[in-house]
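So that the names make sense, note that chain A is the first sequence line, chain B the second, and so on, each numbered from 1. The figures that follow rest on heavy atoms only: side chains count, while hydrogens, waters and symmetry mates do not. This structure is a prediction, so every number in the text was calculated from the model and none was measured.
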Amino acid sequence: MIYLRLFFEFFKTGLFAIGGGLATLPFLQDMSARTGWFTTDQLADMIAISECTPGPIGVNMATYAGFLVRGVPGAVTATLGLICPSVIVILIVARILKRFKDNKYVQAAFYGLRPASTGLIAAACLSVAVIALTFPKAAGETGLPQIRWQAVILAVILWLLMNLGGIKALKAPAWLKKIGKLHPVVFLAASAVVGIIFHFAS
Amino acid sequence: MKELFDLFLTFARIGGLTFGGGYAMLPMLQREVVERRGWATEEELMDYYAIGQCTPGVIAVNTATFIGSKNRGILGGIAATLGVVFPSLVIISVIAAFISNFADLAVVKDAFAGIRVCVFVLILNAVVKLGKASVKDALTLCICIAVLAASVLLDLSPIVFVLCAGVTGIVAKVLLAKEGKK
């Protein structure tokens, strides 16, 4: 029963891959070697596609792998398998947390956890910055990576548009405040257009 | 029923607009969940991310389950989770079925090179917001910088940092506070 096996394999991945989307990668490599459901080349395609489509990367990879095996039902099965352990574990954690929310030890732990969480996200932000603002290094190349100046200029402009309106001391005009409050997707779409017009990838 | 559907739709929108994985979802969550809906606070969002780092599974899914279950119990958690994965299922299936070389198209590469720049600035804004909510004194500032430096320099699982930070919090707040009283 291929669907049961798909579900079970991705259930295992979801259960043991701790720390976010790309943590599923070693499990998928292992799965490719054991089951032959997809090749390592297809896995590389999968990563590329996951990174340039919306949605959590782990979920995208499961959907793509499931689709390669058994089309749309396969995609649904693999994805449900992947998210099942998360849902169960988090529902349990959420229930426990609710009961002990006012416990002083729990509160003290969160006092330490929150800045750590911020630090982890700042580190992720840094690695996104390296990917977005510099050229990938060629094999064997050492030293500082080359900077994509076009991308840096776009980043500065975006930052100014999003933040200048919010700085009270500047007495920014109303239109600037309005731009700062736009939905992030507007900036994403505009950046995509800028990327296409100025051939950002080359 | 309407609330469950509401959770599903909101998280489907978040999932459909998030490019580049769990961390990129943060600005969307701040916008849709914290500011627009009031389903969680900035602090709770940070708690969920910290817990999502040390529990199994995809962080985006963990966070969705958390926020859903906080507002509408188990069914809410499931509705939010199905919502956040729904766009992926549709988009990836379509791409897998029709566009085998999607990621190689020049237009797609250019567009995503632009989008990645924007994702960086959005996450940067999110970090500044979170920093304001979480860094309250010298100790929390130290934890934040130490975790940032350690995760850039060391090849360790984030679980280690999260556990250390939690223990530091307990030691500093509960145990040392007791010492002080004696």
* Does A:Gln29 CD have over 12 foreign heavy atoms under 6.0 Å away? -> yes

* Are B:Val162 and A:Leu113 side-chain neighbours, meaning at least one heavy-atom pair lies under 4.5 Å? -> yes

* Asked: Is the CZ atom of B:Phe8 crowded by more than 12 outside heavy atoms at less than 6.0 Å?
  -> yes

* To do: Grab the two heavy atoms, one from A:Pro54 and one from B:Ile91, that are nearest each other, plus how far apart they are.
  => CG-CD1, 3.4 Å

* To do: Given side chain to side chain contact (heavy atoms under 4.5 Å, CB included), test A:Arg114 with B:Glu43 step by step and report yes or no.
  => CA-CA 7 Å; A:Arg114 285 173 190 157; B:Glu43 282 84 5; 3.7 Å; yes

* **Minimum-distance pair of heavy atoms, taken over all atoms of A:Phe67 and B:Ala97** => CZ-CB, 3.6 Å

* Output the distance between atom NE2 (A:His183) and atom CZ (B:Arg13), rounded to the nearest 0.5 Å. => 6.0 Å

* Asked: Taking every heavy-atom pair that is under 4.5 Å apart, which of A:Ile131, A:Thr118, A:Val156 has the most such pairs with chain B?
  -> A:Thr118

* Asked: For chain A, which of B:Pro27, B:Ala111, B:Gly15 has the most heavy-atom pairs under 4.5 Å?
  -> B:Ala111

* Asked: Given side chains that start at C-beta, do those of A:Ser117 and B:Leu130 come closer than 4.5 Å, heavy atoms only?
  -> no

* In terms of heavy-atom contacts, does CZ of B:Phe5 have more than 12 from other residues, nucleotides or ligands at under 6.0 Å? -> no

* With a 3.5 Å cut-off and no angle check, do the side chains of B:Ser88 and A:Thr63 form a donor-acceptor pair? -> no

* **Minimum side-chain heavy-atom gap B:Leu122-A:Leu188 below 4.5 Å** => yes

* **Best-contacting candidate, B:Ile14, B:Val84, B:Ile51, against chain A by heavy atom pairs under 4.5 angstrom** => B:Ile51

* **Any side-chain heavy-atom pair of B:Val85 and A:Ile83 under 4.5 Å** => yes

* Hey, which of B:Gly73, B:Cys164, B:Ala146, B:Gly16 has the most heavy atom pairs under 4.5 Å with chain A? -> B:Gly16

* Using non-hydrogen atoms and a 4.5 Å limit, figure out which bit of B:Thr168 sits close to chain A: side chain, backbone, both or neither. => neither

* Flag the pair B:Ile170 / A:Tyr111 as yes when at least one side-chain heavy-atom distance between them is below 4.5 Å, and no otherwise. => no

* Test A:Leu80 against B:Leu82 for side chain to side chain contact (heavy atoms under 4.5 Å, CB included), laying out the working first. => CA-CA 9 Å; A:Leu80 289 181; B:Leu82 291 180; 4.1 Å; yes

* **Smallest separation among heavy atoms of A:Ala116 and B:Ile143, with atom names** => N-CG2, 3.9 Å

* Look at B:Ile145, B:Asn125, B:Val171 and state which one has the largest set of heavy-atom pairs under 4.5 Å with chain A. => B:Asn125

* To do: Please flag which part of B:Val61 lies under 4.5 Å from any non-hydrogen atom of chain A: side chain, backbone, both or neither.
  => side chain

* Non-hydrogen side-chain atoms of B:Cys118 and A:Met162 separated by less than 4.5 Å -> yes

* Asked: If you count heavy-atom pairs under 4.5 Å between each of A:Ile197, A:Asn163, A:Val194 and chain B, which one has the most?
  -> A:Asn163

* What part of B:Leu89 is in contact with chain A, defined as an atom under 4.5 angstrom from a non-hydrogen atom: side chain, backbone, both or neither? -> both

* Asked: Rounded to the nearest 0.5 Å, how far apart are CZ of A:Arg95 and CD1 of B:Ile74?
  -> 5.0 Å

* Asked: Based on non-hydrogen pairs under 4.5 Å, which of B:Leu124, B:Val128, B:Ile92, B:Thr65 is most in contact with chain A?
  -> B:Ile92

* Residues, nucleotides or ligands: over 12 heavy atoms within 6.0 Å of A:Phe11 CZ -> yes

* Would you say B:Val121 and A:Phe187 make side-chain contact, with heavy atoms under 4.5 Å? -> no

* A:Arg34 CZ: over 12 foreign heavy atoms closer than 6.0 Å -> yes

* Over 12 foreign heavy atoms within 6.0 Å of CZ, A:Arg148 -> yes

* Side-chain heavy atoms of B:Ser134 within contact of A:Pro115, under 4.5 Å -> yes

* When only pairs under 4.5 Å are counted, which of A:Val93, A:Leu120, A:Leu126 shares the most heavy-atom pairs with chain B? -> A:Leu120

* Of the listed residues (A:Ala190, A:Ala94, A:Pro85, A:Ala62), which shares the most heavy-atom pairs with chain B below a 4.5 Å separation? -> A:Ala94

* Quick one: pull up CG in A:Leu97 and CD in B:Glu44 and give me the separation to the nearest 0.5 Å. => 9.0 Å

* Could you check A:Val128 against B:Val119 for side chain to side chain contact (heavy atoms under 4.5 Å, CB included), going step by step and ending with a plain yes or no? => CA-CA 8 Å; A:Val128 174; B:Val119 167; 4.3 Å; yes

* To do: State, to 0.1 Å, how close A:Gly195 and B:Asp110 come at their nearest heavy-atom pair, and which atoms those are.
  => O-CB, 3.3 Å

* Taking A:Val152, A:Val72, A:Leu82, A:Val89 one by one, which has the highest count of heavy-atom pairs under 4.5 Å against chain B? -> A:Val89

* B:Leu26 CG to A:Ile121 CD1 distance, which is reported to the nearest 0.5 Å -> 5.0 Å

* Name the member of A:Ala123, A:Ser127, A:Cys125 that forms the most heavy-atom pairs with chain B at distances under 4.5 Å. => A:Cys125

* Given a strict heavy-atom distance threshold of 4.5 Å, which part of A:Tyr105 is in contact with chain B: side chain, backbone, both, or neither? -> both

* **A:Val106 portion near chain B, given a 4.5 angstrom heavy-atom threshold** => neither

* Asked: Nearest 0.5 Å, what's the CD1-OG distance between A:Ile92 and B:Ser69?
  -> 11.5 Å

* Asked: Looking at B:Asn62, B:Val127, B:Thr81, B:Ile123, which has the largest count of heavy-atom pairs under 4.5 Å with chain A?
  -> B:Asn62

